[in-house]
Number of protein chains: 2
Amino acid sequence: MLSRSEEDHLKAVYSLLQEGADAFTNDVATRLHTKPSSVTVMLKKLADKGLLKHQPYRGVRLTAKGRGLALMLVRKHRLWETFLVDRLGFAWDEVHEVAEQLEHISSEKLVDRLSHYLGEPAFDPHGDPIPDRDGKLPERPTLQLTDCAVGDSVRLVAVKDPSDELLHLLGGKGIGIGARLKLVARHAFDGSFELHTAPKTTHTLSAQVAAHLLVERP
Amino acid sequence: MLSRSEEDHLKAVYSLLQEGADAFTNDVATRLHTKPSSVTVMLKKLADKGLLKHQPYRGVRLTAKGRGLALMLVRKHRLWETFLVDRLGFAWDEVHEVAEQLEHISSEKLVDRLSHYLGEPAFDPHGDPIPDRDGKLPERPTLQLTDCAVGDSVRLVAVKDPSDELLHLLGGKGIGIGARLKLVARHAFDGSFELHTAPKTTHTLSAQVAAHLLVERP
DNA sequence: TCCTTTATTTAGTCCTGTCTAATCTTTTTC
DNA sequence: GAAAAAGATTAGACAGGACTAAATAAAGGA
Ligand SMILES: [Mn+2]
Ligand SMILES: [Mn+2]
Ligand SMILES: [Mn+2]
Ligand SMILES: [Mn+2]
């Protein structure tokens, strides 16, 4: 049985590794708004429990067991986010905080029932993949909006590393998962995009925003 | 902001007082499966926060603020139980443990949305009243099955102080909230009841069980 | 290479929540 | 109305989790 703090540390390590970076003490501390010294202690505990290998000064690798547990946490987090948005009508930029609490509720039955209730969703409200009960992740397209050309017409499938601020910005322009985006111009000066959403509404997206948008061709 | 432990202590005090007993250190400790010395410490903390008055050796009374907070915890607990049974298909004897965790999730918006989603229910799966967002409790009938006479036909509206074991026993006989019960005999020897449920099925309920059943005449 | 900077770990402290053992109050019993 | 029993509080210890400050290791530059 892991404590809430142990679970949060494990999940932080998992997502750092997932993002391609290797997991260093400082990064974990930054992500959890805590201090490196605290992280070192927690990593030692998780290592003692066989969930990861910690090479002092060299970072961390997850064991199979640790990866499995982390995936179950991610599963819970994203299922709860889906519940909050799909069933309770939360906005997609309001759910992270609450899901951060709900993911620690421990009941296997609850998770499985919730998933079933929601229709075994494969993606959460931000387009992030939801691991199934065996820890398998569905595939997600990797085409970034920044790699698209003027004239392309694409559909938004996910917002990468979504912060509430970014989600709020997109929401304000009426852009959500599934939105059709037609690229009409790109400014050389700052890399920003002009694009049409549904009924000839034009929006401008900065290059920073565009880099977070994953899309697919229809 | 209260810790999980503080919340559990406050709720324990509330339910003891609700049940008519006055709240003594030992009772709280028993209810929380903890030791009296630990309870004393927590009562002091809650008193410092203005949630209750603690007269050493004399027990505890809630302040208005403390009662209000306790009611919000009860509200959350019973709403989550309702969600688990009505939406996720849990049995009524499987939800207490999980609701004990879920009640500590802190988000006012979540509670209100959940209540709305469930149709602003006034009673939980055990027939216990759910406080509204202002802390107002709906009325519940107080007629006990033990006060009924042979020949009476009544409807089950609540199981008082339901333990999972009691709920499981009733569930096994197909008796749930709303069930019609027709009393056909009562044994002088042990006070046990013979009664019919729906289609001429006869069941026997001990006096101990009957004392927990709240019913109303149709 | 050696020195400086940065990253990380270790040591020591504090706060919370729990426990056991000892002490103190209140209630019961004779 | 004492003495015993029961109930409650206090004192002291410990584990978990977090922080600051000090020590140590790795990396980079002169
Ligand atoms: Mn969390
Ligand atoms: Mn998400
Ligand atoms: Mn609880
Ligand atoms: Mn209940």
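The chains referred to below are lettered A, B, ... by the order of the sequence lines, with proteins before strands, and numbering in each begins at 1.
Atoms NZ (B:K35) and C1' (C:dA21) sit 13 Å apart, rounded to a whole Å. In this structure, A:D27 places its CG atom 16 Å from P of C:dT6, rounding to the nearest Å. Rounded to whole Å, atom P of D:dT24 lies 21 Å from atom CD of A:Q55.
Remark: the A:S37 side chain and the D:dT20 base include a donor-acceptor N/O pair separated by less than 3.5 Å. The base of D:dT9 lies outside donor-acceptor range of the side chain of B:Y57, with no N or O pair under 3.5 Å.
A side chain to side chain donor-acceptor pair (under 3.5 Å) with A:K11 is found for one member of A:H104, A:E103, A:E6 and no other, namely A:E103.
Both B:V39 and A:H9 lie near DNA chain D, and the one whose nearest nucleotide falls closer to the 5' end is B:V39. Projected onto DNA chain D by closest heavy-atom contact, B:L43 and A:S3 fall at different nucleotides, the more 5' of which corresponds to B:L43.
Remark: aromatic rings of B:H96 and B:H77 are close, center separation under 6.0 Å.
Residue contacts shown for A:R4 are absent, as no nucleic acid heavy atom lies under 4.0 Å away. Across all strands, B:T25 comes closer than 4.0 Å only to sugar-phosphate atoms, never to a base (heavy-atom distances). B:P56 comes within contact range of the sugar-phosphate backbone alone, with a heavy-atom separation under 4.0 Å but no base atom that close.
Contact check on A:R31 versus A:D27 returns no salt bridge, with no Lys/Arg side-chain nitrogen under 4.0 Å from an Asp/Glu carboxylate oxygen.
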